[in-house]
Amino acid sequence: MERLRYAALALALLSTGGGVALSATAPPSPAVEGVEGDLATARMLAAMLQSARGVVSAHQSEINDPATGDKHLPGRRVLAEAVDRFRAQTGLDPNAVDPKSYAGRLLRAQMDAIIEVMDANQTTINQEGVGFKGFIPATFARLVNEAFERRVGGEASIKVTAPLPLVRNRQSRPDPWEVATIADHFETANWPKGELFSQVTGEGKNQRVRVAVPEYYAESCLSCHGAPAGELDITGYPREGAKLGDLGGVISIQLMPQ
């Protein structure tokens with residue numbers, strides 16, 4: 001069902017130049033306009049970030065291998081693997097989204113940011129004689145989001161945050177809107193797992209479409225965030241004692257209403 005929803009999104013984006021409806025709970029309808037089109041854009045940005053972060057996670061053992069120098073992970077290779085994951089998840093070719101549309105401009109800025117971050121960190125990634133290098137999926141995602149914002153200015157922002165007790169980096173602390181979204185929606189017993197939350201905030205030139213996408217601990221996350229709680233992980237932080245499927249983070253996106 002999720003892939004079908006993205007397939008419908010692809011057709012709408014290609015036919016309308018970026019304006020499309022995508023409900024959080026039902027298949028999209030191209031007839032609906034406004035905020036729903038921004039919701040579709042946010043879903044794509046979240047999917048691309050997750051895809052690229054998944055590539056870094058898949059190559060983590062190679063990155064941490066002290067015996068190997070060149071890991072052969074330049075930016076364009078990582079992006080290509082991320083695009084493959086994105087296509088598998090969404091059914092959408094990101095290169096087919098109109099580059100002149102709002103969604104297309106943001107998506108390409110994000111893809112360029114992925115290349116930038118990987119290429120800028122080649123010395124760290126390829127350092128011989130050092131095992132853990134601190135270049136982990138969470139760090140990669142933060143750097144990509146920062147590079148993305150430098151490219152798009154005030155047009156959009158992306159941040160990975162989490163329930164406050166789970167935040168390890170102060171830069172990732174949730175703002176009041178994110179705190180309320182997590183507490184009032186994602187942490188409630190009746191919230192559908194995986195369902196995003198969106199809201200229009202502010203007025204005039206400060207108006208933004210805010211979208212929060214919940215993320216849950218996968219098996220690969222538990223090596224750092226799982227049991228036993230309190231034991232230090234490879235990064236030097238105490239493990240949270242999380243279980244598979246627990247709420248672990250939120251991708252928080254802000255867009256200018258289109």
Side-chain angles (χ1 to χ4, degrees), residues 1-2 24-25 42-43 45-65 78 81-82 85-86 88-90 114 117 125 131-146 157-198 210-253:
M1 177 60 73
E2 187 71 10
T25 57
R43 291 178 69 92
L45 294 173
M48 181 60 75
L49 182 64
Q50 290 169 331
S51 297
R53 191 176 55 190
V55 173
V56 173
S57 178
H59 289 287
Q60 194 68 67
S61 60
E62 300 165 50
I63 293 172
N64 290 346
D65 183 0
V78 170
E81 292 186 18
R85 286 172 175 256
F86 180 92
Q89 177 182 339
T90 68
I114 291 167
V117 170
I125 293 169
F132 178 68
K133 301 174 178 67
F135 193 82
I136 58 177
T139 300
F140 166 77
R142 176 177 58 78
L143 294 173
V144 167
N145 291 340
E146 291 171 356
S157 68
I158 308 174
K159 167 187 172 186
V160 180
T161 186
L164 195 54
L166 303 181
V167 174
R168 294 185 172 191
N169 187 320
R170 291 186 62 84
Q171 296 179 17
S172 301
R173 291 167 65 90
D175 65 21
W177 184 88
E178 293 158 349
V179 168
T181 296
I182 292 168
D184 298 343
H185 301 285
F186 299 154
E187 291 184 327
T188 59
N190 61 349
W191 188 261
K193 190 169 185 177
E195 193 71 47
L196 57 79
F197 176 76
S198 65
R210 300 205 62 172
V211 182
V213 181
E215 298 195 292
Y216 304 89
Y217 286 121
E219 194 67 47
S220 60
C221 306
L222 298 182
S223 60
C224 288
H225 300 283
E231 180 178 287
L232 298 185
D233 66 13
I234 192 173
T235 71
Y237 281 91
R239 299 173 189 267
E240 289 84 0
K243 299 181 180 63
L244 187 67
D246 285 352
L247 178 67
V250 175
I251 298 178
S252 180
I253 300 172

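No experiment lies behind these values; they were computed from the predicted model shown. Just so it is clear, the values below take in all heavy atoms, side chains as well, and ignore hydrogens, waters and symmetry mates.
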By salt bridge (charged side-chain N to carboxylate O under 4.0 Å, His left out) - contacts of E219 (at least two apart): none

Salt bridge (charged side-chain N to carboxylate O under 4.0 Å, His left out) partners for D233, two or more places apart: R168

Ignoring hydrogens and geometry, is there a side-chain-to-backbone donor-acceptor pair from [X] to [Y] under 3.5 Å?
X    : Y    : answer
S172 : T161 : no
K159 : R173 : yes
K193 : Y216 : no

For [X] and [Y], work out which heavy atoms get closest and say how close.
X    : Y    : result
T90  : A47  : CG2-CB, 3.9 Å
V213 : A46  : CG2-CB, 4.0 Å
P214 : L247 : CB-CD1, 3.9 Å
L196 : W191 : O-CZ2, 3.5 Å
A212 : T181 : CB-CG2, 3.8 Å
I158 : N145 : O-CB, 3.2 Å

[X] side chain near [Y] side chain, heavy-atom distance below 4.5 Å:
X    : Y    : answer
P238 : L232 : yes
L49  : I251 : yes
D246 : E240 : no

For the atom pair [atom1] ([X]) and [atom2] ([Y]), what is the distance rounded to the nearest 0.5 Å?
X    : Y    : atom1 : atom2 : value
E215 : Q50  : CD    : CD    : 4.5 Å
F197 : E178 : CZ    : CD    : 12.0 Å
S220 : L222 : OG    : CG    : 8.0 Å
E81  : S51  : CD    : OG    : 11.5 Å
L45  : S157 : CG    : OG    : 10.5 Å
D65  : H59  : CG    : NE2   : 13.5 Å

Any pair counted as salt bridge (charged side-chain N to carboxylate O under 4.0 Å, His left out), so long as it reaches residues 133-144, sequence neighbours left out: R142-E146

Ring pair (Phe, Tyr, Trp, His ring centres under 6.0 Å) involving F135 - partner list, sequence neighbours excluded: none

Side chain to side chain donor-acceptor pair (under 3.5 Å) partners for D175, two or more places apart: R210

Set of side chain to side chain donor-acceptor pair (under 3.5 Å) partners for W177, sequence neighbours left out: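 Counting only residues at least two positions away or on another chain, W177 forms a side chain to side chain donor-acceptor pair (under 3.5 Å) with Q199.
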
